[in-house]
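Here the structure comes first, spelled out in structure tokens, and everything after it is commentary.
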Amino acid sequence: MEQPAFVKAVAHGLYQGRLRELIHLLKYEGMRPVAERLGALIALQVMLLENLPQQMTVVPVPLFAAKRRQRRFNQAELLAHSAVRVLKQQRSDVHWTIAAGLLERRRATESQAGLTPHQRRANVRGAFFVAQPEKVKEKDVLLLDDIYTTGATARACAQTLRRAGARSVWVATVARAQRQEMVEVPMQQDVAFWSSGFVPAARSA
């Protein structure tokens, strides 16, 4: 199976319980202050990553223009601003730049909820575009989003960024969805390689 287009993926916890409630408050109820807390959780996990570049371009996963107008904000952008603030406070040796708008979602996609892994990959195939590749060329990128389920969106975004010239792509989310049917998936068949504490077990990419 083709290896992921990103180096490593990390999330604070599983998409369940209180963490799920907080994400819903932000994403569907428009409670933007929640992004401060959730972004801080992402930052804590990112700081634990080994061999993370000191200079990174932080790219929020984009919404389609019509969806953004409807929601009036992109939750991934709010999370990115919060995470970068915390990272800069905790690590004076790192240099992080948020590049909202660098990655574009150029067509509407269906909600990924309820789709099979194959349908998810087809749903986002060709959906993302880098309008100004010179801004990502030879850059190390941290791709940031709220939830990672099968990795279809993260993979499609990472592949687009790599094709545009990014040197490496790392992925960070608030939560990882752990569907029951995925628990027994062998590590080599999973899309991402996760930190310890997740199922499947940890392994370097």
With side chain to side chain contact (heavy atoms under 4.5 Å, CB included) as the criterion, how do Gln55 and Val94 come out once you've worked through the C-alpha distance, each side chain's angles and the decisive distance to 0.1 Å?
CA-CA 6 Å; Gln55 295 190 10; Val94 300; over 6 Å; no
To check you understand the geometry: which heavy-atom pair defines the closest contact between [X] and [Y], and what is its length?
{"X": "His24", "Y": "Tyr15", "answer": "NE2-OH, 2.6 Å"}
{"X": "Pro60", "Y": "Ala100", "answer": "CD-CA, 4.0 Å"}
{"X": "Ala5", "Y": "Ala158", "answer": "CB-CB, 3.8 Å"}
{"X": "Ala35", "Y": "Leu79", "answer": "O-CD2, 3.9 Å"}
{"X": "Val58", "Y": "Val84", "answer": "CG2-CG2, 3.8 Å"}
{"X": "Ala154", "Y": "Leu143", "answer": "O-CD2, 3.8 Å"}

Approximate separation, where rounding is to 0.5 Å, of [X] [atom1] and [Y] [atom2]:
{"X": "Leu161", "Y": "Lys139", "atom1": "CG", "atom2": "NZ", "result": "12.0 Å"}
{"X": "Leu87", "Y": "Trp96", "atom1": "CG", "atom2": "CH2", "result": "5.5 Å"}
{"X": "Leu41", "Y": "Ser82", "atom1": "CG", "atom2": "OG", "result": "8.5 Å"}
{"X": "Arg167", "Y": "Thr57", "atom1": "CZ", "atom2": "OG1", "result": "9.5 Å"}

Any non-hydrogen side-chain atom of [X] less than 4.5 Å from a side-chain atom of [Y]?
{"X": "Ile147", "Y": "Ile23", "answer": "yes"}
{"X": "Asp146", "Y": "Lys27", "answer": "yes"}
{"X": "Ile42", "Y": "Val46", "answer": "yes"}
{"X": "Arg91", "Y": "Met47", "answer": "yes"}
{"X": "Arg105", "Y": "Val61", "answer": "yes"}
{"X": "Thr153", "Y": "Phe128", "answer": "yes"}
{"X": "Leu26", "Y": "Leu38", "answer": "yes"}
{"X": "Arg32", "Y": "Arg72", "answer": "yes"}

Could you tell me whether [X] and [Y] have a side-chain N and a carboxylate O separated by less than 4.0 Å?
{"X": "Glu77", "Y": "Arg68", "answer": "yes"}
{"X": "Lys137", "Y": "Glu134", "answer": "no"}
{"X": "Arg85", "Y": "Glu36", "answer": "yes"}

Apply side chain to side chain contact (heavy atoms under 4.5 Å, CB included) to the pair Leu44 and His12, showing each step before the final yes or no.
CA-CA 8 Å; Leu44 294 175; His12 172 72; 5.9 Å; no
Just wondering, are more than 12 heavy atoms of other shown residues or ligands nearer than 6.0 Å to [atom1] in [X]?
{"X": "Glu138", "atom1": "CD", "result": "yes"}
{"X": "Lys135", "atom1": "NZ", "result": "no"}
{"X": "Arg37", "atom1": "CZ", "result": "no"}

Between Tyr148 and Phe6, how do the two ring planes meet: parallel, tilted or perpendicular, split at 30° and 60°?
perpendicular
Are Val59 and Val86 connected in the hydrophobic side-chain network, where two residues link if heavy atoms are under 4.5 Å apart?
no
When hydrophobic residues are tied together by side-chain contacts of less than 4.5 Å, even through go-betweens, does Leu63 share a cluster with Leu102?
no
Consider only side-chain N and O atoms of Thr173 and Asp145, and report whether a donor and an acceptor are under 3.5 Å apart.
no
Going by atom types only, do Lys67 and Gln70 share a side-chain donor-acceptor pair under 3.5 Å?
no
Using the rule given for side chain to side chain contact (heavy atoms under 4.5 Å, CB included), can you reason through Val10 versus Leu48, listing the C-alpha separation, both sets of side-chain angles and the distance that settles it, and then say yes or no?
CA-CA 9 Å; Val10 68; Leu48 296 176; over 6 Å; no
Run the numbers on Val174 and Leu22 for side chain to side chain contact (heavy atoms under 4.5 Å, CB included), then give the verdict.
CA-CA 10 Å; Val174 177; Leu22 288 171; over 6 Å; no
